[in-house]
Amino acid sequence: WRPLQRWSRWSTPSVSSDSEQSFLGRRGQAESAMTLLLLFLAAAEFSPSEPFLADFLISKGFTKDAVSNDIFDLWLYFRLPALLVMGVAAERLGSARMLVVGSAFGTLTAAMTLFCTSLFLIQVTQLTVALSVASHTGAFYALLFELSASTTVGYQAHVHWAKATLVLANCAAGVLGSFLRRSLVVRYAWIFGVSLVSQAISLVLSAALVIRTAPLVGATNAPVASPRKCALWTDV
């Protein structure tokens, strides 16, 4: 029996070794997905055209009163309903897919702002940007926490990295926008074109995130059978 026991011990894979390799593989995937998530955040927040929005709309023929009262006011009215709608959608789609939805709305907003001259369509952009912001508000940090759980780095470190990425993206966008407009006297349309390209890049990165995070958090980030099918309304 001893030779048979030795053969059995050698042929049977080590459970602890397999578990360790599985953990290391999952950690590597989570770390690469975290890097992709931060790149997505940088692209989504890189908008050098944002400080020039009012001036750009006025250059299209809208009056200051129309910009202030008929366009920008809608953003305030749309924010709360957008948060509720996107919160319910997040319960069904999951955080990774909500980033795709938010990026799609962000890209649509940038395109409509750049190319449309109708007051109604510009007003619609206030709804699409509210939906974009609402989609990213909770979904981004929900995905960050889920990925962080599969790494050896603490949640706080990843949150700090996300905040640093956010500040750097906004700062770089502001510097670039001011340089293009004041130093090179670039037209507003070209600056808004840069923002549109950045939003399109964020859309591509969000789609890559869905694929990359599927083995880690699942397609929906939630169990199929859950006692709280819509936790948001229960909390409200």
Side-chain angles (χ1 to χ4, degrees), residues 20-51 79 82-83 86-87 89-91 93-107 109-110 129-179 191 194-222 231-232:
E20 183 179 359
Q21 290 180 359
S22 177
F23 171 76
L24 292 176
R26 183 180 179 86
R27 185 180 68 181
Q29 291 179 346
E31 289 174 350
S32 62
M34 185 68 70
T35 301
L36 190 61
L37 182 63
L38 294 178
L39 290 175
F40 159 80
L41 177 63
E45 292 295 330
F46 188 81
S47 182
S49 61
E50 188 170 354
R79 286 188 66 182
L83 283 171
M86 292 298 101
E91 295 283 342
L93 298 179
S95 53
R97 291 181 178 179
M98 284 307 299
L99 295 182
V100 179
V101 173
S103 297
F105 280 123
T107 304
T109 300
V129 73
L131 293 172
S132 176
V133 173
S135 300
H136 292 165
T137 297
F140 175 84
Y141 286 101
L143 185 58
L144 182 143
F145 290 143
E146 289 187 73
L147 293 177
S148 182
S150 298
T151 67
T152 57
V153 182
Y155 297 114
Q156 195 64 36
H158 285 139
V159 171
H160 278 295
W161 276 109
K163 292 296 184 180
T165 302
L166 176 65
V167 172
L168 288 174
N170 289 333
C171 180
V175 171
L176 178 62
S178 297
F179 175 75
I191 303 177
V194 174
S195 296
L196 176 57
V197 171
S198 181
Q199 291 300 313
I201 292 174
S202 74
L203 180 58
V204 174
L205 291 175
S206 64
L209 269 170
V210 173
I211 300 173
R212 189 65 177 172
T213 59
L216 300 172
V217 297
T220 60
N221 301 330
L232 175 69

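It should be emphasised that the depicted structure is a prediction, and the values quoted were computed from it without experimental measurement.
With S202 contributing its side chain and F40 its backbone, the two residues share no donor-acceptor pair below 3.5 Å. A donor-acceptor pair under 3.5 Å links the side-chain atoms of S132 to the main chain of G102, judged by distance alone. Distance alone, capped at 3.5 Å, places no donor-acceptor pair between the T151 side chain and the E31 backbone.
Nearest heavy atoms, S195 versus S49: OG-OG, 2.6 Å. Minimum interatomic distance between L203 and V100 (heavy atoms only, all atoms of both residues): CD1-O, 3.7 Å. Listed here is the closest heavy atom pair of E45 and N170: O-OD1, 3.3 Å. Shown here for P51 and P48, the closest heavy-atom pair between the two residues is CD-O, 3.5 Å. The two residues A33 and T213 make their nearest non-hydrogen contact at CB-CG2, 4.0 Å. Here the closest non-hydrogen pair linking Q199 and A44 is NE2-O, 2.9 Å.
With values rounded to the nearest 0.5 angstrom, L209 atom CG is found 10.0 Å from M34 atom CE. Atom CE of residue M98 and atom OG1 of residue T137 lie 9.5 Å apart, to the nearest 0.5 angstrom. For the atom pair CG (L166) and CH2 (W161), the distance works out to 14.5 Å, reported to the nearest 0.5 Å. Between S135 atom OG and F140 atom CZ the span is 14.0 Å, to the nearest 0.5 Å. R212 contributes atom CZ, which lies 10.5 Å from atom CG of L147 (distance to the nearest 0.5 angstrom). To the nearest 0.5 angstrom, S206 atom OG is 12.5 Å from L39 atom CG.
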* Asked: When you look at M86 and L131, which way does the side chain to side chain contact (heavy atoms under 4.5 Å, CB included) test go after all the steps?
  -> CA-CA 7 Å; M86 292 298 101; L131 293 172; 3.9 Å; yes
* Can you check side chain to side chain contact (heavy atoms under 4.5 Å, CB included) on I201 and F46, steps first, answer last? -> CA-CA 10 Å; I201 292 174; F46 188 81; over 6 Å; no
* Given side chain to side chain contact (heavy atoms under 4.5 Å, CB included), test S103 with H136 step by step and report yes or no. => CA-CA 8 Å; S103 297; H136 292 165; 3.7 Å; yes
* Full working for side chain to side chain contact (heavy atoms under 4.5 Å, CB included) between L37 and H158 -> CA-CA 11 Å; L37 182 63; H158 285 139; over 6 Å; no
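Atom CD of E50 is surrounded by 12 or fewer heavy atoms from other residues, nucleotides or ligands within 6.0 Å.
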